[in-house]
Asker: 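Okay, here's the structure, questions in a sec.
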Amino acid sequence: MLQRILSTILLWVVAIATLHYLGPPGGVWLITLLACATQYEFYRMLKRTGLDPFDRLGLMTGAIVVLAPYYLERLSLSIQTTDVLAGAVVLFALRILGEREPHNRMETLAATLFGVLYVPFMLQFLTRTIVLYDDKYVGLALGLWLVAVAKFCDVGALLTGLAFGRHKMAPNISPKKTWEGAAGGVAVSAGIGALLASLGRSGRFGGPYFPGDFTPLRAALMAMPIAAASITSDLVESIIKRRAEVKDTGQLIPGIGGAFDLTDSLILAAPIGYFLFYFCLAPDGQ
């Protein structure tokens with residue numbers, strides 16, 4: 001537990017320092033690094049199940065998918081992330097014509113594409129959050145808020161589940177998760193979301209960093225579906241790990257595990273958060 005706490009503190013220090021000193025490019029490359037590490041571990045687990053994805057080509061495509069929303073906009077190109085995905089489908093399809101055995105070509109294509117869609121495509125919504133506003137600090141602050149809400153749901157669910165957990169949520173998937181823990185995680189996320197919104201609007205730390213209509217109440221309400229998505233995302237990771245017969249996805253981070261163990265709750269939370277920002281906060285339907 002001590003290792004997990006120390007690693008968590010160090011990760012937050014690194015993230016905040018990167019955003020402070022490098023701004024949006026630093027945030028985008030940090031997301032890309034985590035997405036690629038997660039996708040690598042994901043492909044490695046798929047191989048344990050007997051599948052054989054094009055991991056190197058998939059990783060290269062995944063990195064482009066995460067970087068695309070930031071750099072394509074600055075280059076004033078009309079290409080979208082979906083265009084990158086379409087190109088990836090063509091490349092993967094061409095490769096299976098001459099590679100792999102006839103009995104696993106279809107599985108290779110499906111596994112490679114799923115790795116790109118489930119990890120980098122979903123996490124690129126964090127990049128899209130960063131570029132959602134013209135003011136770089138607003139996008140960075142919303143992205144950091146989204147990560148904090150999702151990750152603190154894990155903490156709240158763990159502590160509440162240990163103290164009050166009685167009713168199993170999904171015993172066949174993750175036996176330790178309870179409905180009481182999930183409720184506690186959502187409540188903690190709502191509280192953290194409201195607190196960060198209040199601090200970010202107060203100007204005490206050089207702000208305000210959030211949009212004017214991002215009130216503590218609205219932040220708490222928006223945090224709830226994000227927290228629910230993070231819990232679901234964690235359960236999906238548990239399904240994948242059980243199928244691959246692994247406890248942790250790697251040993252990259254002491255006390256936490258692999259990159260997938262770090263980003264698991266963000267994979268479904270990132271698009272939910274982005275769409276909430278887009279429809280509830282973005283000025284002039286941006």
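Predicted model only: the values in this text are computed from it and were never measured.
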Asker: Supply the atom-to-atom distance Leu46 CG to Thr112 OG1, rounded to the nearest 0.5 angstrom.
Answerer: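 Between atom CG of Leu46 and atom OG1 of Thr112 there are 8.5 Å.
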Asker: Work out which heavy atom in Thr249 is nearest to a heavy atom in Gly258; give both atom names and the distance.
Answerer: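 Minimum heavy-atom separation between Thr249 and Gly258: OG1-CA, 3.5 Å.
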Asker: Look up atom CG in Leu91 and atom CZ in Phe54, then write down how far apart they are to the nearest 0.5 Å.
Answerer: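 So the CG of Leu91 and the CZ of Phe54 are separated by 10.5 Å.
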Asker: Over all heavy atoms of both residues, which pair between Pro53 and Arg100 is shortest? Give the atoms and the distance, please.
Answerer: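 For Pro53 and Arg100, the tightest heavy-atom pair comes out as O-NH2, 3.3 Å.
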Asker: Measure the spacing between CD1 of Ile240 and CG of Leu235 and express it to the nearest 0.5 Å.
Answerer: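 If we round to the nearest 0.5 Å, Ile240:CD1 and Leu235:CG are 11.5 Å apart.
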Asker: Compare all side-chain heavy atoms of Thr215 with those of Arg218 and state whether any distance is below 4.5 angstrom.
Answerer: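 A side-chain contact under 4.5 Å exists here.
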Asker: Which is it for Leu57 and Met60 under the side chain to side chain contact (heavy atoms under 4.5 Å, CB included) test, yes or no, and what are the steps along the way?
Answerer: CA-CA 5 Å; Leu57 184 57; Met60 184 171 60; 3.5 Å; yes
Asker: Would you compute the distance between atom CG of Leu268 and atom CD of Glu237 and round it to the nearest 0.5 angstrom?
Answerer: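 So the gap between those two atoms works out to 11.0 Å.
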Asker: Check whether any side-chain N or O of Thr127 sits under 3.5 Å from a backbone N or O of Val28 as a donor-acceptor pair, and report yes or no.
Answerer: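 Checked: no pair found.
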Asker: Tell me the closest heavy-atom pair linking Pro175 and Lys168, and the distance in Å.
Answerer: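 Minimum heavy-atom contact is O-NZ, 3.0 Å.
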Asker: To the nearest 0.5 Å, what is the distance between CD on Glu99 and CG on Leu94?
Answerer: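 If we round to the nearest 0.5 Å, Glu99:CD and Leu94:CG are 10.5 Å apart.
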Asker: Looking only at heavy atoms, which two atoms of Ala259 and Leu252 are closest? And how far apart?
Answerer: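 That closest heavy-atom pairing would be CB-CD2, 4.1 Å.
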Asker: When clusters are formed by joining ILVMFWY residues with side-chain heavy atoms under 4.5 Å apart, either directly or through shared neighbours, do Leu34 and Trp12 land in the same one?
Answerer: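 Cluster IDs for Leu34 and Trp12 differ.
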Asker: Counting N and O atoms only, with roles assigned by atom type, does the side chain of Gln3 sit under 3.5 Å from a partner on the main chain of Pro254, one being a donor and the other an acceptor?
Answerer: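 Looks like no, no N/O pair under 3.5 Å.
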Asker: Evaluate the side chain to side chain contact (heavy atoms under 4.5 Å, CB included) criterion for residues Tyr274 and Leu126: first the C-alpha distance (whole Å), next the side-chain angles of each, then the deciding distance (0.1 Å), finally the verdict.
Answerer: CA-CA 7 Å; Tyr274 170 79; Leu126 289 173; over 6 Å; no
Asker: What class does the angle between the rings of Trp145 and Phe214 fall in, given that below 30° is parallel, 30 to 60° is tilted and above 60° is perpendicular?
Answerer: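 The arrangement is perpendicular - the two ring planes meet at more than 60°.
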Asker: Any side-chain heavy atom of Glu180 within less than 4.5 Å of one from Arg166?
Answerer: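 Answer yes - side chains close enough.
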Asker: Are Leu221 and Ile192 linked, directly or through other ILVMFWY residues, by side chains that come within less than 4.5 angstrom of each other?
Answerer: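 Per the 4.5 Å side-chain linkage, Leu221 and Ile192 are not co-clustered.
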Asker: Is atom OH of Tyr71 surrounded by more than 12 heavy atoms (other residues, nucleotides or ligands) closer than 6.0 Å?
Answerer: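 Yes.
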Asker: Would you check, one step at a time, whether the test salt bridge (Lys or Arg N to Asp or Glu O under 4.0 Å) holds for Asp55 with Arg44?
Answerer: CA-CA 8 Å; Asp55 46 4; Arg44 191 170 61 179; over 6 Å; no
Asker: If you count heavy atoms of other groups shown closer than 6.0 angstrom to OH of Tyr118, is the number above 12?
Answerer: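 Above 12, so yes.
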Asker: Would you check if Gln124 and Arg128 make a side-chain contact, meaning some heavy-atom pair closer than 4.5 Å?
Answerer: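 Yes, close enough: below the 4.5 Å cut-off.
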Asker: Decide yes or no for Phe210 and Val138: does some side-chain heavy atom of the first lie under 4.5 Å from some side-chain heavy atom of the second?
Answerer: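 A side-chain contact under 4.5 Å is absent here.
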Asker: Considering only heavy atoms from C-beta outward, does the side chain of Leu199 approach that of Tyr209 to under 4.5 Å?
Answerer: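 Not touching, per the 4.5 Å side-chain cut-off.
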Asker: For Thr263 and Thr38, does a side-chain donor sit closer than 3.5 Å to a side-chain acceptor?
Answerer: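 Indeed, the side chains of Thr263 and Thr38 share at least one donor-acceptor pair under 3.5 Å.
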Asker: Do Thr108 and Asp52 have side-chain N/O donor and acceptor atoms under 3.5 Å apart?
Answerer: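 Judged by distance alone, the side chains do not pair up.
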Asker: Between Lys151 (side chain) and Leu262 (backbone), is there a donor-acceptor pair under 3.5 Å?
Answerer: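 Yes, because the side chain of Lys151 sits within donor-acceptor range (under 3.5 Å) of the backbone of Leu262.
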Asker: Side chains of Met222 and Leu281: closer than 4.5 Å at any heavy-atom pair?
Answerer: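 With C-beta onward as the side chain, the pair touches.
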Asker: Would you name the heavy atoms of Ile130 and Ile31 that are closest together and state the gap between them?
Answerer: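 Residues Ile130 and Ile31, closest heavy atoms: CD1-CD1, 3.8 Å.
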Asker: Applying a strict under-4.5 Å side-chain criterion to I, L, V, M, F, W and Y, I'd like to know whether Val155 and Leu11 cluster together.
Answerer: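 Not linked; separate clusters.
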Asker: Measure centre to centre between the rings of Phe125 and Phe121, then say whether the value is under 6.0 Å.
Answerer: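 Yes.
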Asker: Any pair with a residue in residues 14-25 that passes side-chain hydrogen bond (donor to acceptor under 3.5 Å, both in side chains), sequence neighbours left out, goes on the list, sorted by first then second residue, please.
Answerer: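 Non-adjacent pairs meeting side-chain hydrogen bond (donor to acceptor under 3.5 Å, both in side chains): zero.
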Asker: Flag yes if Val65 and Leu132 sit in one hydrophobic cluster, no otherwise; membership is Ile, Leu, Val, Met, Phe, Trp, Tyr, and two members link when side-chain heavy atoms are under 4.5 Å apart.
Answerer: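 As far as the 4.5 Å side-chain criterion goes, Leu132 and Val65 are connected within one cluster.
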Asker: What are the two closest non-hydrogen atoms of Cys280 and Asp213, and how far apart are they?
Answerer: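 Heavy atoms of Cys280 and Asp213 come nearest at O-OD2, 3.7 Å.
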Asker: Quick one: CZ on Arg242 to OG on Ser174, what's the gap to the nearest 0.5 Å?
Answerer: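 Spacing of CZ (Arg242) from OG (Ser174) equals 7.0 Å.
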Asker: For a 4.5 angstrom cut-off between non-hydrogen side-chain atoms, does Ile231 reach Cys153?
Answerer: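 Side chain of Ile231 against side chain of Cys153, heavy atoms only: contact under 4.5 Å found.
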Asker: Is there a path from Leu117 to Tyr43 through hydrophobic residues (I, L, V, M, F, W, Y) whose side chains come within less than 4.5 Å of each other?
Answerer: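 The answer is yes; both residues are in one hydrophobic cluster.
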Asker: Side-chain contact, heavy-atom cut-off 4.5 Å: Thr178 with His167?
Answerer: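 Contact flag for Thr178/His167 side chains = no.
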Asker: Hey, mind stepping through Leu162 and Lys176 against side chain to side chain contact (heavy atoms under 4.5 Å, CB included) and telling me if it holds?
Answerer: CA-CA 9 Å; Leu162 289 174; Lys176 293 183 180 180; over 6 Å; no
Asker: Does the separation of the ring centres of Phe42 and Phe114 fall below 6.0 angstrom?
Answerer: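 For Phe42 and Phe114, the ring centres are under 6.0 Å apart.
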Asker: So, Ser233 side chain and Ser230 main chain: donor-acceptor pair closer than 3.5 Å or not?
Answerer: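 No, because the side chain of Ser233 does not come within donor-acceptor range (under 3.5 Å) of the backbone of Ser230.
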